[in-house]
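Written below as structure tokens is the structure these notes are about.
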Amino acid sequence: MLLFKSILKFKKEGGLSDKRGAKRYPIGPKFPLKAKVTLLGHDGEGRPLPPGHASSMDWGGQLSNLSGTGASIKLHPAAVANKGEDCRLKLELDDKLFEIDGVIVQFWSNQQFATCGIMLKFPNFQSQKAYLQLLEPLAIGCGLEAVERVKQDTKGLIKEQYLGEDETVFSVWRSEDSKAIEHFEMLMLDYCVRGSAQTPGLQIGYRDGAKVGRKVANPAMPINLGAGQMAEVRQLFEWVVHNFSKAVPADVRAFVERFFS
């Protein structure tokens, strides 16, 4: 099941799926992603029982990270699995459930928890695309890194900037005197999201240079988003904020989160 119908239309070849690879993206503490993994049951000698056996069990856990090809999850220390065994990862976000078969590539445990590394097995590209849509806010958010030397562009304001994957640019302007945040702008994928201390809502549109059909978005000829597409960009942005990297200061996070309360 796809999270987004109007945006994040990954292509089968040459699309963003090729860029994600095995790079691991940590899960933001406020990202409302829930996870379970179905592990095989074992007999008295520790040998795995067939998939679907009554002894197979769902284990809820805490995701450590996701990549384009797998996941790492912390489970209850009573969980048992062996490298090479089949499993099934269940991810829930926004009341949508994703179930993906996988194979255990790492498993170890101590008294506090068990760590399970999973390599995912996508049956088709549609399944992979649904997973990549879920992965995208992590990749955009946690990939942000601070720019050391930022070109200043507004008198009386100090501009901070953070760059990320896929030409993501997050800019913040502070008062030169009080250092209070005045406004921000995020350019991600084909979209632009802005917020200001003086207005309560977000401004959402295409970023300059985005190709929309046969047109190219620019300040002189803006292209409007439909209501459904705008809602999806807003949702994507909220999840990106939940996965901001540690490079983004706490007061910036708090300022942006006010637009979702």
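These numbers were taken from a predicted model, which means no experiment stands behind them. In what follows, residues are counted from 1 in the order of the sequence shown. Values reported hereafter were calculated over all heavy atoms of this structure, with side chains retained and with hydrogens, waters and symmetry mates removed.
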| field | Full working for side-chain contact (heavy atoms from CB on, under 4.5 Å) between Arg174 and Val252 | value | CA-CA 10 Å; Arg174 298 177 184 268; Val252 175; 3.5 Å; yes
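- In the hydrophobic cluster analysis, where Ile, Leu, Val, Met, Phe, Trp and Tyr join through side-chain heavy atoms closer than 4.5 angstrom, Tyr191 is grouped together with Met230.
- Shortest non-hydrogen contact noted between Ala71 and Leu63 is CB-CD2, 4.4 Å.
- In the hydrophobic clustering of this structure, Leu93 groups with Leu91; members are Ile, Leu, Val, Met, Phe, Trp, Tyr whose side-chain heavy atoms approach within less than 4.5 Å, directly or through other members.
- Between the CZ atom in Arg24 and the OG atom in Ser67 there is a gap of 7.0 Å [rounded to 0.5 Å].
- Under a 3.5 Å cut-off, the side chain of Asp94 and the backbone N or O of Lys96 do not form any donor-acceptor pair.
- With ring centers used as reference points, Phe260 lies under 6.0 Å from Phe237.
- Take Arg253 and apply the side-chain hydrogen bond (donor to acceptor under 3.5 Å, both in side chains) test, not counting sequence neighbours, and it matches no residue.
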| message | Show, in sequence, the C-alpha distance, side-chain angles and deciding distance for Ile104 and Leu39, and conclude whether the side-chain contact (heavy atoms from CB on, under 4.5 Å) test is met. | response | CA-CA 9 Å; Ile104 306 295; Leu39 300 178; 4.0 Å; yes
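- Cluster membership for Leu187 and Tyr206, using ILVMFWY side-chain heavy atoms within less than 4.5 angstrom, is not shared.
- Under the 3.5 Å distance criterion, the side-chain polar atoms of Thr168 are matched with a main-chain donor or acceptor of Glu165.
- Rounded to the nearest 0.5 angstrom, Ser56 OG and Asp86 CG are separated by 10.0 Å.
- Within the 3.5 Å criterion, the main-chain N or O of Leu144 finds a donor-acceptor partner in the side chain of Ser245.
- Side-chain atoms of Val240 and Met186, non-hydrogen and from C-beta on, do get closer than 4.5 Å to each other.
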| said: What verdict does the side-chain contact (heavy atoms from CB on, under 4.5 Å) test give for Gln161 and Val169, after you've listed the backbone C-alpha separation in whole Å, the side-chain angles of each residue and the deciding distance to 0.1 Å? | reply: CA-CA 7 Å; Gln161 201 162 65; Val169 183; 3.7 Å; yes
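- If you chain together hydrophobic residues whose side chains sit under 4.5 Å apart, Val172 and Leu163 never meet in one group.
- Remark: Arg194 CZ is loosely packed, at most 12 non-hydrogen atoms of other residues, nucleotides or ligands lying under 6.0 Å away.
- Looking at residues two or more places apart in sequence or on another chain, you find a side-chain contact (heavy atoms from CB on, under 4.5 Å) between Glu182 and Leu157, Ser175, Gln198.
- Separating the CG atom in Leu97 from the CD atom in Glu92 is a distance of 6.0 Å, to the nearest 0.5 Å.
- By the 4.5 Å heavy-atom criterion applied to side chains, Glu185 and Cys192 are counted as neighbours.
- The 12-atom threshold is not exceeded at CD of Gln62, counting heavy atoms of other residues, nucleotides or ligands nearer than 6.0 Å.
- Taking the side chain as every heavy atom from C-beta outward, Leu40 and Asn82 never approach each other to under 4.5 Å.
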| said: Apply side-chain contact (heavy atoms from CB on, under 4.5 Å) to residues Val233 and Met188 and explain how you reach the verdict. | reply: CA-CA 10 Å; Val233 174; Met188 59 178 189; 4.1 Å; yes
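- Here the CD-CH2 distance, from Gln152 to Trp173, works out to 10.0 Å after rounding to the nearest 0.5 Å.
- Within 6.0 Å of NZ on Lys151 lie no more than 12 heavy atoms contributed by other residues, nucleotides or ligands.
- The side-chain heavy atoms of Tyr131 and Leu66, taken from C-beta on, include a pair separated by under 4.5 Å.
- In this structure a side-chain-to-backbone donor-acceptor pair under 3.5 Å is present from Asn218 to Val216.
- For Phe184 and Phe259, the ring centers sit closer than 6.0 Å to each other.
- In the displayed structure, Glu99 atom CD is contacted under 6.0 Å by more than 12 heavy atoms of other residues, nucleotides or ligands.
- Residue Asp58 is tested with Lys90, Lys36, Lys34, Arg88 for a salt bridge (charged side-chain N to carboxylate O under 4.0 Å, His left out); the sole match is Lys90.
- Rounded to the nearest 0.5 Å, atoms CD1 (Ile140) and CG (Leu135) are 10.0 Å apart.
- For the atom pair CD (Gln106) and CD1 (Ile118), the distance works out to 11.0 Å, reported to the nearest 0.5 Å.
- Looking at heavy atoms from C-beta onward, Glu257 lies in side-chain contact with Val241 at the 4.5 angstrom threshold.
- In plain terms, the two heavy atoms of Asn243 and Pro26 that are nearest each other are OD1-O, 4.1 Å.
- Between Phe244 and Tyr162, the ring center distance fails the sub-6.0 Å criterion.
- A salt bridge is absent between Glu232 and Lys5: the closest approach of a Lys/Arg side-chain nitrogen to an acidic carboxylate oxygen does not fall below 4.0 angstrom.
- Within the 3.5 Å criterion, the main-chain N or O of Phe4 finds a donor-acceptor partner in the side chain of Gln133.
- Following chains of ILVMFWY side-chain contacts shorter than 4.5 Å, one cannot reach Met119 starting from Tyr25, and the two form parts of different hydrophobic clusters.
- Taking all atoms of both residues into account, the shortest heavy-atom contact from Ala114 to His76 is CB-O, 3.8 Å.
- Evaluated for a side-chain contact (heavy atoms from CB on, under 4.5 Å) with Glu136, the options Asp166, Leu3, Ile7 yield exactly one hit, Asp166.
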